[in-house]
Amino acid sequence: MSKKMVLIDGHSILNRAFYGVPDLSNAQGLHTNAVYGFLNIMFKILEEEKPEYLAVAFDVHAPTFRHELFKEYKGTRKPMPEELREQVPVMKEVLQSMGICTVEKAGLEADDILGTLAKRGEKEGMEVALVSGDRDLLQIASDHIKIRIPKTKGGKTEIEDYYASDVQEAYQVTPVQFIELKALMGDSSDNIPGVPKVGPKTATDLMVQYGSLDNIYAHLDEITKKSIRESLAANRELADLSKVLATIHTDCELDVTWDMVRLQELFTPEAYTLFKQLEFKNLLSRFEEDAVTQNDQKETFRMTSELSDAEEAFSAAEKAGKAAFLVLEDGRADGDFAALALASAADQIWIFIPQGFLTKEYLTDKLKNLVKKGVKLSTFQIKNQYGYLESDETERFFDVLIAAYLLNPLKNDYSIEDIANEQLGLMIQSRQQLLEKLSLVKASQEREEAFREYAGFAVYTIFMAEPRLREKLRETGMEKLFEEIEMPLTRVLHDMEEEGVEVRPEELKAYGDALVERIEELEHSIHKQAGEDFNINSPKQLGEILFEKMQLPGGKKTKTGYSTAADVLDKLAPDYPIVSEILEYRGLTKLKSTYADGLAAYIGENNRIHTTLNQTITATGRISSTEPNLQNIPMRMELGRLIRKVFVPRSGYVFTDADYSQIELRVLAHMSGDEQLIEAYRSDADIHRITAAKVFHTPFEEVTDLQRRNAKAVNFGIVYGISSFGLSQDLSISRKEAAQYIEEYFKTYPKVKEFLDREVENAKENGYSVTMFGRRRPVPELKSSNFMQRSFGERVAMNAPIQGTAADIIKIAMIRVWKRLKEENLKSRLILQIHDELLVETAEDEMSLVADIMEKEMKNAAELAVSLEIDLHTGKNWYEAK
DNA sequence: TGACTCACG
DNA sequence: ACGTACGTGAGTCAG
């Protein structure tokens, strides 16, 4: 049987995919739809053809001979959209990662490369499938060269196939005649002029009748239609030129050998990494088979319930002085676990299943003993495992999750599989795959095997990745950040989560009930005014009612319809009672569903709510709070703020709440070294008022409220990465005015401008921003050729060092406050952090001690050019303590 | 599942 | 010419 070769027209298929696949992008904001679509088409073809050879051809965007020739005809082709352009290098990288040969050569069009390779293959006796999105290549079709044209229709890909006979059937001409057909009729998208007045219909008729261009001209006088005859006669040169342009070269010089285009294993670790980055989740399943079989490491994993095995393993770990462990919980009960995995060398991988004499207690005792003996332990997500360690020390612990986050804080999630892939180049079974297997497979033998493999690879990965991650942290200057801030913080967060915060369920319920009354009232009134019942919570329905049925001004905005966002409705509220009622309705339903009902669902034992504090979510280094989010409890509006009354300390305790005063602006003053700003803070007066006085050239005493408000907005804007547009939006002033404010601000604080410019410059050069404590935030957007994305990158580069440094500082404060409470054997506990605020549940007899501790540790968390100030309050609920 | 809206710092 | 402020999480709707 003859061998098969698949050739792909890179740009053409990428282009098809781009327009055929809905917009996709990954977490980093990179568009991926064209690459995704390309791969789907490619995989489909490969499955059908099962070829031995595969190559993808691309145009080089440099002037070529043919481009030179028809330069003057250019201009009809639209420029490639940025969203597509950025995917071209990604596409090439993906192909390279799968070992697929990409062919491009200056001076050659992709068509020429494809034509040449196709003919070469045919000569060697191959069957060739040539995949392209446009029909130019039909002239190459033969009995052994099949042109395949994919059509993406509503998600489904259908492929039209053309051998020579199919071309004949569809166009009534042979592939060779197809060239001259095109020369006659022209092709605007390919910049082939053609003969004026001759369209597809006439061209086909002519070719069918006379067979060739030369023969047409030989029989010019036979052509009956006068206008056509005259146009042909007058444009012989143009016809010849068109033919040259339309002809694909099949004899180009290419440095391509059959060896280079031979298809290899596509699903390589490199490709896996890329697919992960691009978030091609369903394409990843193609790697699964290989993932499981690729590594024979798993043969050395030992799963056991024997006491003697445990003795052996733990003493080996103690001797080694370092080990990786992982407790695998089965999710049935808190603190209950299905297995303990332990690794002390690459070939010392154990999975202990508690059974008989090998009890959980025995295993955790063994683990605690390792800690006591000073063994260095690495694990994944240590925050959830302190219960098994019973240690306040973190110096000898290493959490690979935290390390992976610091090295790239932009990822959505961090899994052991990813770490295996990125650090060890290994593809391992994921937890998801394990769960799937467990749900499918009934045979206990197989289930055990799957579990052994998962647990083994997990702990093996941690053990092997630790030194590499440590080295990378050192290389990037984040070792101290890791050891002195992030690792100790894991311990603090563990306690905070466990501690939780008490709420009063009855009061929460009463609060919700009070809301319902007013909500129903508003609902009736709104429906009455609209003249019909509709779902006020549906932006779609609401937009239609307001802007179509009721004809309110200021419609149109978003992709899906009218914008009904608060800032739009705010403008209408004074003139239309229904709008202000809608706004009130929105506010109340938000309070009801998110807070009254939402929080109630999380109340657990002792009326306490235990949030999850996530340390590996944000790009800037802040922590986040989920299930429930206790970092966005209402504050700005009085009605919402009242919810804070249901958050109470346990009996015999009060709340002590302390928040930093403008920590980000103070960080800015320090990092920029601006004498004026530093001096402003040393004077201990209202910073916004001082700024207003300076910026608006007004005596301090005479600064109006409006001036102060504007100055405050500018201060905020600076921290966010100022833009005149953003500021004008916020203040409802013209862009010009906003620009003036900013200019005056920079004149007032010149080093602030220098600082911000420098941060952008550095980030552009390095590819990342960095905080005072060495935390990095990559800013890939700065490299984008898209104006909007690049501007975003610039703002991020200005904001990240400031927000990130503030985050570093409060983390230090948290660790120190926690430590002091612990060391001084106090009953009081740190329970919440809200970015610049700490909440301590304080024993009544420890109130002044706690206040002292918080004040001292928060103020001294960092040594800045300006002092760090806090506002501290106590109260018998959170409302009062703020 | 993504878009929209809105709560916080 | 482009068209936004920085960082999060949750509830709801609609496809």
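Naming: A, B, ... by sequence-line order, numbering from 1 per chain.
Mapping A:M788 and A:Q803 onto DNA chain C via the closest heavy atom, the residue that lands nearer the 5' end is A:M788.
For A:Y745 and A:Y749, the ring centers are positioned less than 6.0 Å apart. Residues A:Y511 and A:Y595 place their aromatic rings such that the two centres sit no closer than 6.0 Å.
Between A:K859 and A:E869 there is a salt bridge, since at least one side-chain N of the basic residue sits less than 4.0 Å from a carboxylate O of the acidic one. Checked for salt-bridge contact, A:E761 and A:K764 miss the test: no charged N lies under 4.0 Å from a carboxylate O. A salt bridge between A:D674 and A:K753 is absent, with no side-chain N of the basic residue lying under 4.0 Å from a carboxylate O of the acidic one.
In this entry the distance linking CD of A:E794 with P of C:dC6 reads 12 Å, nearest Å. Taking atom OH of A:Y595 as the reference point, atom C1' of B:dC8 lies 7 Å away to the nearest angstrom. Between the CG atom of A:D567 and the C1' atom of C:dT4 there is a distance of 13 Å, rounded to whole Å. The nearest whole Å value for the distance from the CG atom in A:D570 to the P atom in B:dT5 is 13 Å. One can place CG of A:N535 at 5 Å from P of C:dC13, the figure rounded to the nearest angstrom. In this structure, A:R644 atom CZ and B:dG9 atom C1' are separated by 10 Å, rounded to whole Å. Regarding A:Q541, its CD atom lies at a distance of 5 Å from the P atom of C:dA14, rounded to whole Å. Across the protein-nucleic acid pair, A:E664 atom CD and C:dA5 atom C1' stand 13 Å apart, rounded to whole Å.
Looking at every heavy atom in both residues, A:M671 comes nearest to A:T805 through SD-OG1, 3.6 Å.
Between the side-chain ring of A:F725 and the base of C:dG3, a stacking contact exists by the 5.5 Å and 30° definition.
For A:S723 and C:dT4, a side-chain-to-base donor-acceptor distance below 3.5 Å is present, hydrogens and geometry of angles not being considered. Scanning atom types as modelled, one donor and one acceptor separated by under 3.5 angstrom connect the side chain of A:R795 and the base of C:dT4. Under 3.5 Å, the side chain of A:K540 and the base of C:dC13 form no donor-acceptor pair of N or O atoms. Within 3.5 Å, no donor on the side chain of A:R777 pairs with an acceptor on the base of C:dG7, nor the reverse.
Among the protein residues, A:Q729 comes within range of no part of the nucleic acid, since none of its heavy atoms lies under 4.0 Å from any strand. Nucleic acid contact class of A:L591 (heavy atoms, under 4.0 Å, all strands): none. A:A566 comes within 4.0 angstrom of the backbone, heavy atoms only, and of no base. Within the nucleic acid shown, A:T589 has no heavy atom closer than 4.0 Å to any nucleic acid atom. Within the nucleic acid shown, A:E837 has no heavy atom closer than 4.0 Å to any nucleic acid atom. Residue A:R790 is out of contact with every strand shown, counting any heavy-atom pair closer than 4.0 Å. Contact annotation for A:N632: base contact, defined as any heavy-atom pair under 4.0 Å involving a base atom. The residue A:A806 sits apart from the nucleic acid: no heavy atom pair falls under 4.0 Å. Counting non-hydrogen atoms under 4.0 angstrom, A:I617 reaches the backbone sugars and phosphates but no base. Backbone-only contact: A:D836 has heavy atoms under 4.0 Å from sugar-phosphate atoms and none from a base.
Side-chain N or O atoms of A:T620 include none that pairs as donor or acceptor with a backbone N or O of A:A800 at under 3.5 Å. A donor-acceptor contact shorter than 3.5 Å links the side chain of A:N766 to the backbone of A:N762.
Using a 30° and 60° split on the angle between ring planes, A:F716 and A:H688 fall in the parallel class, below 30°. The aromatic rings of A:F280 and A:Y36 sit tilted, their planes meeting at an angle between 30° and 60°.
Considering only side-chain atoms of A:A619, the nucleotide from C:dT8, C:dT12, C:dC6 that sits closest is C:dT8. Checking B:dC6, C:dG7, C:dG11 against every side-chain atom of A:K590, the shortest atom distance belongs to B:dC6. Picking from C:dA5, B:dC6, C:dG7 the nucleotide with the shortest atom distance to the side chain of A:R586 gives B:dC6. Listed nucleotides: B:dC6, C:dA5, C:dG7. Nearest to the side chain of A:D730: C:dA5. Closest to the A:S538 side chain, of the nucleotides C:dT8, C:dC13, C:dC6, is C:dC13.
Separation of the P atoms belonging to C:dG3 and B:dC8 is 31 Å when rounded to the nearest angstrom. Here the separation of B:dA7 from C:dC2, taken at their P atoms, is 32 Å to the nearest Å. Comparing C:dT4 with B:dA3, their P atoms are spaced 15 Å from each other, to the whole Å.
A heavy atom lying under 4.0 Å from DNA chain C marks the following residues of residues 709-721 of chain A, by number: A:A713, A:G717, A:Y720.
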Between N or O atoms, less than 3.5 Å apart, protein on one side and nucleotides 1-4 of chain B on the other: list the pairs.
unit_1, atom_1, unit_2, atom_2, d
B:dC4, OP1, A:T560, OG1, 3.3

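Applying the 4.0 Å criterion to OP1 and OP2 of B:dC8, one finds that A:R641 has every side-chain N and O outside that range. OP1 and OP2 of C:dG7 both lie 4.0 Å or more from every side-chain N or O belonging to A:T618.
A cation-pi contact links A:R776 to A:Y768, judged by a cut-off of 6.0 Å to the six-membered ring centre and 45° from its axis.
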In sequence, state the C-alpha distance, the side-chain angles, and the governing distance for A:K383 and A:E497, and then conclude on salt bridge (charged side-chain N to carboxylate O under 4.0 Å, His left out).
CA-CA 10 Å; A:K383 184 187 72 175; A:E497 286 185 4; 2.5 Å; yes
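Remark: C:dA1 base-pairs with no nucleotide in the shown strands. Criterion, Watson-Crick or G-U wobble with two distances under 3.5 Å.
For the residue pair A:Q87 / A:N33, a side-chain donor-acceptor distance below 3.5 Å is found, with atom types taken as modelled.
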